[in-house]
Amino acid sequence: MYFLLKAFVVFRDVAVDFTQEEWRLLSPAQKILHREVMLENYSHLVSLEIAFSKPKLITQLEQGEEPWREVRKHLPDLCP
């Protein structure tokens, strides 16, 4: 007996984000590739008609902004 399991994918599952320092180290070609891939991934998810709000990363890319994220503070270990 086979069961069909629907696994939902959200944008953060397929997104690649960089800190400002990491973004600075990318070549112009790598930045262009990142933009193209992120916009394509987003369009694929939209075409699946999964309801979600537009990610900040996509808005930044569409507006020509550099899409780096702030450095996150270290979170405490949740595992014992």
Transitive ILVMFWY side-chain link Val14 to Val46, under 4.5 Å = yes
Any chance you could measure His34, atom NE2, to Trp23, atom CH2, to the nearest 0.5 Å?
-> 5.5 Å
Which atom names give the shortest non-hydrogen contact between Gln30 and Ser27, and what distance separates them?
-> OE1-N, 2.7 Å
From Arg35 atom CZ to Leu57 atom CG, the distance as rounded to the nearest 0.5 Å = 10.5 Å
Same apolar cluster: Leu61 and Ile32, side chain cutoff 4.5 Å = no
Approximate separation, where rounding is to 0.5 Å, of Phe11 CZ and Asn41 CG = 6.5 Å
If we only count heavy atoms from C-beta on, is the Glu66 to Lys31 side-chain gap below 4.5 Å?
-> yes
Inter-residue atom distance Thr19.OG1 - Leu25.CG, 0.5 Å rounding | 8.0 Å
Euclidean distance, Ile58 CD1 relative to Leu39 CG, rounded to 0.5 Å | 5.0 Å
Taking Glu62 for the side chain and Thr59 for the main chain, is one N or O donor matched with an acceptor at less than 3.5 Å?
-> no
Same cluster or not: are Phe18 and Val37 linked, directly or through other Ile, Leu, Val, Met, Phe, Trp or Tyr residues, by side-chain heavy atoms under 4.5 angstrom apart?
-> yes
